[in-house]
**Q** 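One structure, as C-alpha cells, below. Some questions next.
Per chain, numbering begins at 1; letters A, B, ... match sequence-line order. Heavy-atom basis, side chains included; hydrogens, waters and symmetry copies ignored.
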2 protein chains.
Amino acid sequence: MAKWGAEEPSSIGEAASIISRLVSRRAWIIVAAACINEYEGRAASKTTPGDKVIMIKPSGSVIVHGPRGFKPQNWQPDTSAIHVSEEDGFLVIRAVRRSPREILTLRCHKVYTVQWLEEPEEGDFWMYINEHQIRDLLATNPSILEPGLVITRVERPVEPGFVDLYGRDREGNLVVIELKRVKAGVEAVKQLLGYVEAFRRKGVRVRPILVAPDFTESAVRLAETSGVELKRIDLRGLYELLAGRARPRRGSLEDFLPRED
Amino acid sequence: MAKWGAEEPSSIGEAASIISRLVSRRAWIIVAAACINEYEGRAASKTTPGDKVIMIKPSGSVIVHGPRGFKPQNWQPDTSAIHVSEEDGFLVIRAVRRSPREILTLRCHKVYTVQWLEEPEEGDFWMYINEHQIRDLLATNPSILEPGLVITRVERPVEPGFVDLYGRDREGNLVVIELKRVKAGVEAVKQLLGYVEAFRRKGVRVRPILVAPDFTESAVRLAETSGVELKRIDLRGLYELLAGRARPRRGSLEDFLPRED
DNA sequence: GAATTCATCTGGAGA
DNA sequence: TCTCCAGTTGAATTC
C-alpha cells in the first residue's frame with residue numbers, strides 16, 4: 001500500500017521546498033495551484049493566470065490540466081530534468097527535455113494543496129481488444145473471412161508499408177487483406193490499391209480485400225470502381241471469440257459476418 | 001479565486017457521498033485511490049488493482065492515471081453521465097457515454113484522498129506557433145520561399161483535400177505548395193502528387209513544392225522520381241519572425257532557408 | 001452526422 | 001537511431 005500525504009503550504013517558499021523534496025524522492029505529486037504555463041519547443045504556447053492541476057509522476061512525466069477538456073494544456077512526456085524553485089515570489093516548476101529541446105515552465109502565484117503518493121503500486125494494464133489482436137485472430141482463423149482461405153504472411157512488407165494479411169484463396173489467387181478496426185474510409189481503399197499496384201509492378205496479380213466493421217460512402221464508391229472487395233466483419237463476434245465466450249465452429253464461417261440486408 | 005477543499009474519507013461510503021455531491025456541483029475533483037479499471041467500448045481493457053489518480057473535470061471528462069507514462073490509462077472525454085456509488089464495499093465510479101457507446105468503470109477498494117476545486121478560474125490558453133501560423137506567414141511573405149513567388153490562394157480546395165498554398169512563380173508557372181511543420185514523410189509527397197494529378201486531369205500543369213524542416217529518406221526518393229521539389233525551411237527563423245524578433249528584409253530571401261551544404 | 005486534417009500528437013515495433 | 005503505423009487517438013473545421 002502506497003504512503004500518501006497532503007499539505008496546504010502556508011507560503012510559496014514552503015511549497016517549493018515540499019515539492020522539491022518530493023521530486024527527489026520520485027513521489028507521485030499532485031499540485032492544485034493558480035499559475036501560468038509557458039511552453040517552448042516544437043511549438044510554443046502560454047497561458048494567462050488560471051487554476052491548474054499539476055501532476056508529476058514517479059516516471060518523470062509532467063502534466064498540466066486546466067479545468068476543461070480531456071487533454072492537458074501542457075505536458076512533458078519524459079523529462080530529463082525537473083527543477084523546482086522560488087523565484088520572485090513565484091513557485092517555478094521547470095521541466096526540460098532535450099531531443100527535441102523543449103521547456104515547460106509553470107509559474108505559480110498561489111498553491112492550494114500539495115498531495116502525494118510514495119511508492120505507488122502499479123498493477124497491470126491489459127488491453128485485450130485492438131487491431132493487433134483481431135489481426136492475429138483472423139490470421140489463425142482465416143475461414144472466418146472466407147472458406148478455404150489460407151494466410152501465409154502477417155504484416156508482409158510491401159513498397160512502403162505493410163500488408164496486414166497475405167495469403168491464397170480456395171482458387172489459388174493471391175489475396176491481400178487490409179484490416180481496419182473502425183469504419184474504413186476512402187484512404188484505406190487507396191492504401192490497399194497502392195499495395196495492389198506495387199505487386200502489379202512486380203508482375204504479380206493479387207485479389208484485394210478490405211476488411212472492416214463498416215465503410216464510408218466514398219470508400220464503397222472507390223472500391224466498386226477499382227475492384228477492391230469489401231468485407232464487413234462483426235467485431236462483437238470477434239470480441240466474444242477473443243474473450244473465449246465463443247468458439248469458431250466448422251461450417252459457421254459466416255457467423256462473424258453481419259447479415260446482408 | 002477558486003474554493004478548494006480536501007478530505008480523507010474514513011470509509012468507502014463516505015468517499016462515495018463526498019464524490020457524489022461534488023460531481024453534482026460540477027467541481028473539479030481529484031481522487032487518489034487504489035482501484036481496478038474496466039473499459040469497454042471501441043476497444044476494451046482492464047487492470048489489476050493498483051494506485052490511481054482519478055480526475056473528474058467540471059466539463060465532465062474523466063481521466064484515470066497510473067504511476068507511469070504521460071497518457072492516462074483510461075479516460076472518457078465527454079461523458080453523458082457519471083454515476084458514483086458504493087457497491088459491495090467498493091467505491092464505484094461509472095462514466096458512460098453513448099455514440100460511441102463506451103463504459104468506464106472504476107472499482108476502488110481504498111480511497112486515500114479526495115480533493116476539489118469549485119468554480120475554478122480558467123484563464124486563456126494561447127498557442128502561438130503552429131502550422132496555421134506558419135502557413136499565414138508564408139502566404140504573406142512568399143519571398144521567404146522563392147524570389148518572385150506570388151501566393152493567390154490559401155487552403156485552395158482540390159479534389160479530396162486542400163492545397164496549403166497556391167500561386168504563381170516568377171516565370172508564370174502555377175505553383176502548388178504543401179507545408180509540413182515537422183519532418184515530412186513519403187505520405188506528404190504522395191499527398192502533393194495527388195493534387196498534381198487532380199490538376200493534370202483538369203488540363204492544368206502545376207509545379208509542386210513540398211516545404212518542411214526536414215524530409216525522410218523515402219520522401220526524398222519519391223520526390224526525386226516524381227518531380228516534386230523539396231524545400232527545407234528553418235522554423236526557428238520563422239518563429240522569430242512571428243515573435244517579432246526579426247523582420248523580413250528585402251533581399252534576404254534565403255535567410256530563412258538552411259544552408260545548402 | 002460524415003469526412004478530412006492537424007497534433008508539442010504518443011507509443012510501439014522493426015531495421 | 002529513424003521510420004512507419006495504430007490509437008478508445010482528440011479536436012477543429014468543413015460540408
**Q** In whole angstrom, what separates A/Met127's CE from D/dG7's C1'?
**A**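 Distance check: A/Met127 CE to D/dG7 C1' gives 8 Å.
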
**Q** Nearest heavy atom decides the nucleotide; on that basis, is A/Ser45 or A/Gly185 closer to the 5' end of DNA chain C?
**A**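 Closest to the 5' end, via its nearest nucleotide, is A/Gly185.
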
**Q** Is the shortest side-chain N/O distance from A/Thr216 to OP1 or OP2 of C/dA3 below 4.0 Å?
**A**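 Indeed, a polar side-chain atom of A/Thr216 lies that close.
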
**Q** Could you walk me through whether A/Met55 and A/Trp28 pass side-chain contact (heavy atoms from CB on, under 4.5 Å), step by step?
**A** CA-CA 7 Å; A/Met55 189 185 295; A/Trp28 189 354; 3.5 Å; yes

**Q** Can you tell me if the side-chain N/O atoms of B/Lys183 get under 4.0 Å from OP1 or OP2 in D/dT3?
**A**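 Result: yes.
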
**Q** Flag yes if more than 12 heavy atoms outside A/Arg207 fall under 6.0 Å of its CZ atom; otherwise flag no.
**A**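 More than 12 within 6.0 Å, yes.
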
**Q** If you compare every side-chain N and O of A/Lys71 against the phosphate oxygens of C/dT10 (OP1, OP2), does one of them come in below 4.0 Å?
**A**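 It does not, given that no N or O in the side chain of A/Lys71 lies less than 4.0 Å from OP1 or OP2 of C/dT10.
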
**Q** Rounding to an integer number of Å, can you tell me how far A/Gln73 CD sits from C/dT8 P?
**A**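 Going from CD in A/Gln73 over to P in C/dT8 covers 13 Å.
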
**Q** Measure CG/A/Leu192 against P/D/dC5 and give the value in whole Å, please.
**A**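 One finds 14 Å between P of D/dC5 and CG of A/Leu192, rounded.
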
**Q** When we call it a touch if two heavy atoms are under 4.0 Å apart, what does A/Glu217 touch: a base, just sugar-phosphate, or nothing?
**A**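 The answer is sugar-phosphate, as A/Glu217 gets under 4.0 Å only of primed atoms, P, OP1 or OP2.
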
**Q** Name the nucleic acid region contacted by B/Phe70, choosing base, sugar-phosphate or nothing; use a 4.0 angstrom heavy-atom cut-off, strictly under.
**A**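 Sugar-phosphate, no base atom in range.
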
**Q** From the list D/dC5, D/dA6, C/dT8, which nucleotide is the closest neighbour of the side chain of A/Tyr195?
**A**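 For A/Tyr195, the side-chain atoms sit closest to D/dC5.
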
**Q** What's B/Glu102 touching, base or sugar-phosphate or nothing? Going by heavy atoms closer than 4.0 Å.
**A**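 B/Glu102: base contact, heavy atoms under 4.0 Å.
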
**Q** When you measure from the side chain of A/Lys57 to the backbone N and O of B/Gly69, does any donor-acceptor pair fall under 3.5 Å?
**A**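 Yes, the answer is positive, given that a donor and an acceptor are paired below the 3.5 Å cut-off.
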
**Q** Can you tell me the distance, in whole Å, between the CG atom of B/Asp164 and the P atom of C/dT5?
**A**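 B/Asp164 atom CG is separated from C/dT5 atom P by 10 Å.
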
**Q** Using atom C1' of each nucleotide, how far apart are D/dA6 and D/dG10 to the nearest Å?
**A**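 The answer is 14 Å between these two C1' atoms.
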
**Q** How close or far is atom P of D/dT8 from atom CD of A/Gln133, stated in whole angstroms?
**A**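 After rounding, the reported distance stands at 12 Å.
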
**Q** Can you tell me if the side-chain N/O atoms of B/Arg97 get under 4.0 Å from OP1 or OP2 in D/dG10?
**A**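 Yes, because at least one side-chain N or O of B/Arg97 sits under 4.0 Å from OP1 or OP2 of D/dG10.
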
**Q** Would a distance-only check, ignoring hydrogens and angles, find a side-chain to backbone donor-acceptor pair under 3.5 Å from B/Arg107 to B/Val92?
**A**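 Checked: no pair found.
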
**Q** Whole-Å distance between D/dT3 C1' and B/Leu222 CG?
**A**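 The distance from CG of B/Leu222 to C1' of D/dT3 comes to 15 Å, rounded to the nearest Å.
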
**Q** Give a yes/no on whether any side-chain N or O of B/Arg135 is located under 4.0 angstrom from OP1 or OP2 of C/dT5.
**A**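 Negative; the distance criterion is not met.
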
**Q** Looking at A/Glu197 and A/Arg200, is there a salt bridge between them, counting it only when a charged N and a carboxylate O are closer than 4.0 Å?
**A**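 So A/Arg200 pairs with A/Glu197 through a salt bridge.
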
**Q** Have A/Asn37 and A/Ser45 got a donor and an acceptor in their side chains that come within less than 3.5 Å?
**A**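 Note: A/Asn37 and A/Ser45 side chains miss the donor-acceptor criterion.
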
**Q** For A/Ala219 and for B/Val182, find the nucleotide of DNA chain C with the closest heavy atom, then tell me which residue's nucleotide is more 5'.
**A**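 Here A/Ala219 is the residue nearer the 5' end.
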
**Q** Taking only side-chain N and O atoms of B/Ser218, does any of them lie within less than 4.0 angstrom of OP1 or OP2 on D/dT3?
**A**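 No, outside the criterion.
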
**Q** Anything under 30° is parallel, anything over 60° is perpendicular, the rest tilted; go ahead and classify A/Tyr166 against A/Phe199.
**A**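 Ring orientation of A/Tyr166 relative to A/Phe199: parallel.
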
**Q** Provide the distance between the two P atoms, one in C/dT4 and one in D/dT8, to the nearest whole Å.
**A**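 My reading of the P atoms in C/dT4 and D/dT8 gives 22 Å.
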
**Q** Can you identify which nucleotide, out of D/dG7, C/dT8, D/dA6, has its nearest atom closest to the A/Asn130 side chain?
**A**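 Nearest to the side chain of A/Asn130 among the choices is D/dG7.
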
**Q** Under a 4.0 Å threshold between the charged nitrogen and the carboxylate oxygen, would A/Lys190 count as salt-bridged to A/Glu187?
**A**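 A/Lys190 and A/Glu187: salt-bridged.
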
**Q** Please report the distance, rounded to the nearest Å, between CG in A/Asn74 and C1' in C/dA7.
**A**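 Atom CG in A/Asn74 sits about 13 Å away from atom C1' in C/dA7.
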
**Q** Taking atom types as modelled and ignoring hydrogens, do the side chains of A/Glu102 and A/Tyr39 form a donor-acceptor contact shorter than 3.5 angstrom?
**A**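 Side-chain D/A pair, A/Glu102 to A/Tyr39: present.
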
**Q** If you only use heavy atoms from C-beta on, which nucleotide in D/dT8, C/dT10, D/dC4 is closest to the side chain of B/Val186?
**A**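 That would be D/dC4.
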
**Q** Whole angstrom is fine here: how far is it from CD in A/Glu187 over to P in C/dT4?
**A**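 About 7 Å, once rounded to whole Å.
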
**Q** Near DNA chain D, under 4.0 Å by heavy atom, which residues of residues 60-68 of chain A?
**A**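 Nothing qualifies; none.
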
**Q** Measuring from the side chain of B/Pro77 (C-beta onward, heavy atoms only), which nucleotide among D/dA11, C/dC6, D/dC5 has the closest atom?
**A**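 My answer, after comparing the listed nucleotides, is D/dA11.
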
